[in-house]
Amino acid sequence: MNIIFVGPPGAGKGTQAQVISKTFKIPHISTGDMLRNEMESGSELGKKVRDIINSGKLVDDAVMNQIVKERLSKPDTKNGFILDGFPRTLNQAKALDEILSSIGKKLDHVIYVDVPEKVIVERLSARRMCPKCGRNYNMITDPPKEDELCDDCHVPLITRDDDKPETVRNRYKVYLELTKPVIDYYSAKKLLFTVDGTLPVREVEEILIKMIEGKK
Ligand code: AP5
Ligand code: MG
């Protein structure tokens with residue numbers, strides 16, 4: 001089962017991708033998480049991308065295509081994968097077509113999590129993330145059981161540097177300009193499944209699991 005999650009920043013792609021990853025036992029590949037790990041480790045790539053990410057712009061297509069190509073060649077993707085945050089430009093979507101055909105794979109679903117801009121700024125200001133496992137929380141709609149600690153890893157949750165309201169608005173602009181065309185690209189290929197991301201987390205989960213189960 002090879003799945004892509006697309007949608008605006010804060011739509012709930014990561015939240016849902018984690019559930020689908022556990023349910024269907026396929027790896028969750030978030031390019032945002034991969035880049036944040038690079039920043040955390042202090043690698044050359046991490047240093048290069050920090051300012052780009054914190055301004056809400058996109059990292060170079062060539063860099064991203066290479067990262068994803070390498071990741072998809074790992075053996076844990078044998079039975080499937082979930083890409084979250086890639087592709088987000090038409091160039092990346094076309095590069096992914098080439099990568100997949102070179103390793104004899106094809107996409108099964110492209111899930112578009114649809115959420116309007118006004119909900120996004122609100123949601124992202126309340127988002128917290130586990131620095132260890134990457135699980136997302138929301139201090140209003142989906143708080144951890146213990147105050148600001150991850151339910152699974154019990155480490156203190158953090159706020160992402162790019163969740164400041166002005167950066168979120170920039171990320172949304174970039175999304176409209178560069179990522180919306182990717183959604184149209186997959187819609188034309190009849191791969192797109194749209195889910196209303198304003199529904200409660202558990203309802204979105206149920207809709208997606210049913211859809212994937214039905215088409216397995
Ligand atoms: P990335 O990490 O991919 O960020 P993003 O796409 O902006 O999306 P987010 O992770 O912010 O949101 P999400 O949809 O995962 O929502 P979440 O589940 O957390 O990328 C970050 C940056 O890296 C980019 O800006 C770019 O610079 C760079 N980058 C990454 N990939 C790249 C690429 N391919 N090319 C170039 N550059 C790239 O949910 C958000 C909040 O809402 C949480 O608090 C959650 O608890 C809550 N929530 C989720 N669902 C619901 C719901 N149904 N109801 C209520 N609350 C909900
Ligand atoms: Mg995410």
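Residue numbers start at 1 and run along the sequence shown. All ligand and atom numbering here is 1-based and tracks the order in the structure.
- With sequence neighbours excluded, the residues satisfying ring pair (Phe, Tyr, Trp, His ring centres under 6.0 Å) with Y172 are Y175.
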Atom pairs and distances, side-chain donor-acceptor, residues 3-14, under 3.5 Å, sequence neighbours left out:
from, atom 1, to, atom 2, distance (Å)
K13, NZ, G7, O, 3.3
K13, NZ, P8, O, 3.0

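- Contact check on D97 versus K94 returns no salt bridge, with no Lys/Arg side-chain nitrogen under 4.0 Å from an Asp/Glu carboxylate oxygen.
- Atom CD of E40 sits in a sparse spot, with 12 or fewer heavy atoms from other residues, nucleotides or ligands closer than 6.0 Å.
- A donor atom on one side chain and an acceptor atom on the other are found under 3.5 Å apart for T198 and D196.
- When heavy-atom distances to ligand 1 are checked against 4.0 Å, the residues falling inside are P8, P9, G10, A11, G12, K13, G14, T15, T31, G32, L35, R36, I53, K57, L58, V59, M64, G85, F86, R88, Q92, R123, L124, R127, N136, Y137, N138, T141, R160, D162, R171, G197, L199, P200, V201, ordered by chain and number.
- Legend: salt bridge (Lys or Arg N to Asp or Glu O under 4.0 Å) pairs involving residues 145-154, not counting sequence neighbours, sorted by first then second residue: R128-E148, R135-D151, R135-D152, K145-D151.
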